[in-house]
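The next block holds one structure in the form of structure tokens; read it before the comments.
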Amino acid sequence: MFELKWLWQNLKGDRARYILALSLSVVGSSLTIVNPYIGQRIVDTFIAGDNAMQNLTDERGLLIMLCLGMIGFSLLRTGLAYLTTMQYERSSQNMLYRIRIYLYNKIQGQDMQYYDHNRTGDLMTKMTGDLDMVRHSMAWIIKMIIESLTIFIAAVIYFFTIDAELTLWLLILSPPIFIVAYIFAKRVRPMYIDLRERLSQLNTTTQENIAGNRVIKAFAREEYEIEKFADKNINYSKANKKAALVWLDYFPFLESFAQGFNVILMLAGGLFVMNGRITFGEYAAFSSLIWAVSNPMRNIGIIINDIQRFFASLSKIVDIYYAKPYIVNEHNPVEKRRFEGRIEFDHVSFKYDNGKVLDDISFKIESGETIAIMGSTGSGKTSLINLIPRFYDVSEGRVLVDGIDVRKLELDELRGNIGIATQDVLLFSDTIDGNIAFGDPDLPEEDTIEYARLAAAHDFIIKMPEGYDTIVGERGVGLSGGQKQRIALARALAVHRPILILDDTTSAVDLETEEHIQKSLRELDYPCTKIIIAQRVSTTAEADRILILDNGRLIEEGTHAELLAKRGYYYDVFMLQNEGIGRKVTTHGKE
Ligand code: DCP
Ligand code: MG
């Protein structure tokens with residue numbers, strides 16, 4: 001019921017229209033009983049009545065009126081049905097539109113932790129299938145329920161005005177029908193929740209397969225993936241059939257009860273006509289409206305099925321709606337300051353769901369310094385830099401930017417001061433120009449080219465079919481890993497932020513290109529604190545300071561020379577990376 005309240009809130013702006021639709025439904029369906037009533041008058045007066053022949057000649061006007069009335073009411077009902085459907089469609093579509101925007105904003109506003117826990121396929125299912133199901137329910141299922149109910153009630157009231165006893169005889173069947181329907185609903189509910197989950201799994205598999213197509217091809221795992229998909233597909237199909245077939249267990253009972261209405265009407269109604277309790281016309285009215293009582297009983301299964309699906313989908317959407325990100329923008333109207341770019345980690349520890357990743361890390365970076373971070377894979381480098389723009393929050397300790405705890409800063413302001421090139425490069429399906437200017441859509445073209453140059457990307461960009469207007473990304477021209485990294489670097493440089501974070505951004509470029517990039521970074525035309533994660537000593541050597549992470553701990557800190565002198569991890573890496581060169585030199589020397 002809480003979900004219905006939620007829907008009602010979201011109908012805001014279209015509530016009047018929706019209520020109009022509901023009212024039109026009620027009026028339109030109540031009119032269903034008018035024609036049987038006219039039919040009853042015609043039968044009683046002109047066909048089966050005592051003076052039928054007499055009336056046929058004397059009251060021809062009345063007969064014509066009644067016939068015209070029948071046609072008129074039919075037309076009126078058709079017109080009303082048209083109007084009603086239009087109102088349902090409009091209000092539900094408007095609601096869908098609003099909810100979709102809201103949900104989209106919600107998803108956009110979620111923090112990284114949310115994305116760690118929610119599958120893309122599942123979110124996509126919510127944004128498409130579930131939303132459509134909810135709209136369909138608002139427009140069609142609720143309409144069907146309201147109309148069935150109105151027709152049922154109108155028919156029963158009409159029956160009562162004709163003959164209460166006969167009506168009661170007919171209604172004897174209702175309680176058992178409701179009991180059967182209730183048992184059915186209870187049994188089928190978990191099935192639809194399960195069905196919804198399987199659909200989401202199917203979508204997730206599909207989405208991952210499409211996104212990961214290259215890997216699948218590379219490992220020649222198509223067959224395995226097809227099987228995996230087939231498996232999910234069968235699961236979904238089975239669950240669908242199971243839910244649909246449950247209905248068959250109950251269908252014979254409900255159908256028999258529905259048929260029972262006719263039998264009771266024939267037996268009891270026949271007797272009543274013979275006794276003269278009701279007229280033949282009244283019997284005809286009963287007979288022509290008995291469907292209004294039995295059909296809702298027949299349809300109860302379909303209605304229950306749809307309601308269960310409706311709630312299964314609705315609860316999923318409501319989940320997104322009420323999902324609260326832990327890391328939020330307070331939206332205090334602050335002027336966006338430009339930071340100096342001082343960064344401090346003060347006894348910072350951090351953990352994901354499963355165990356500590358950073359352990360008691362403390363260091364300071366002055367404005368304008370260049371810091372390199374090195375460490376074996378999985379040592380926590382990415383996790384560490386993720387704390388600066390507050391992609392995640394620390395578990396213990398503080399991260400300070402310009403001396404202020406990042407948790408006290410406005411997210412917009414904080415992130416607006418950081419340029420970042422993340423480790424997994426994502427380019428949008430857009431032009432190269434659009435990708436570089438992503439953080440600043442007003443970037444003049446000369447600047448785009450300038451930053452592409454600094455990132456050593458200009459040369460390969462101009463060789464592309466349409467230069468800076470070449471579409472890249474998922475559906476565009478393919479780029480090499482190193483090319484993507486360089487465009488991502490240009491994108492990070494182009495925003496002119498006082499803090500620049502590069503996560504393994506030159507890992508895929510050759511040494512010569514790397515040299516060019518380092519030179520660019522040294523000569524940036526704006527003041528900037530740089531944090532560079534790198535594996536190569538050639539990159540780290542020129543940093544003001546180098547931090548070495550090992551298993552989440554800061555084990556070494558100092559300049560290139562200091563760390564070499566220390567003969568620790570950094571020294572080992574240095575030796576390892578220079579060993580090859582060293583050996584070559586030696587061999588050469590011997591010759
Ligand atoms: N981890 C996790 N959940 C995430 C991301 C990482 O549990 N969403 C774990 C995996 C590692 C540890 O945290 O055990 C550190 O991961 P990092 O990505 O911080 O490691 P690095 O960036 O140092 O590794 P690499 O050099 O491979 O990028
Ligand atoms: Mg990393």
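Counting convention: from 1, in listed order, for ligands and their atoms alike. Positions are given from 1 along the sequence.
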Any nitrogen or oxygen of [X], side chain or backbone, less than 3.5 Å from one on ligand 1?
X: Gly378; answer: yes
X: Tyr352; answer: no
X: Leu384; answer: no

Donor-acceptor pair, distance only, cut-off 3.5 Å: does the side chain of [X] make one with the backbone of [Y]?
X: Ser362; Y: His347; value: yes
X: Arg198; Y: Lys232; value: no
X: Gln485; Y: Ala508; value: yes
X: Arg415; Y: Arg390; value: yes
X: Asp402; Y: Gly341; value: yes
X: Tyr570; Y: Thr559; value: no
X: Ser349; Y: Asp359; value: no

Checklist line | For the Mg ion (ligand 2): protein N/O/S atoms at distances below 2.8 Å | finding: 2
Heavy atoms only, cut-off 4.0 Å: how does [X] contact ligand 1, side chain, backbone, both, or neither?
X: Thr377; answer: both
X: Ile533; answer: neither
X: Asn354; answer: side chain
X: Gln423; answer: side chain

Next item on the list: Step by step, work out the side-chain hydrogen bond (donor to acceptor under 3.5 Å, both in side chains) result for Asp231 and Tyr236.
Entry: CA-CA 9 Å; Asp231 206 39; Tyr236 180 56; over 6 Å; no
Specify the protein heavy atom at minimum distance from [atom]: its residue, its atom name, and the distance to 0.1 Å.
atom: atom 26 (O) of ligand 1; answer: Lys381 NZ, 2.7 Å
atom: atom 12 (C) of ligand 1; answer: Val357 CG1, 3.6 Å
atom: atom 18 (O) of ligand 1; answer: Thr382 CB, 3.6 Å
atom: atom 16 (O) of ligand 1; answer: Ser383 OG, 3.7 Å

Checklist line | Partner of Tyr321 under ring pair (Phe, Tyr, Trp, His ring centres under 6.0 Å), chosen from Trp6, Phe2, Tyr104 | finding: Trp6
Checklist line | Nearest atoms (heavy-atom pairs only) where Val406 meets Leu387 | finding: CG2-O, 4.2 Å
Notebook entry, point to check: Which word best sums up how the rings of Tyr526 and His496 line up, parallel for under 30°, tilted for 30 to 60°, or perpendicular for over 60°?
Noted result: parallel
Check: Thr125 versus Arg196: any side-chain heavy-atom pair under 4.5 Å?
Finding: yes
Note to self: Is Ser379 close enough to touch ligand 1? Criterion: a residue heavy atom under 4.0 Å from a ligand atom.
What the structure shows: yes
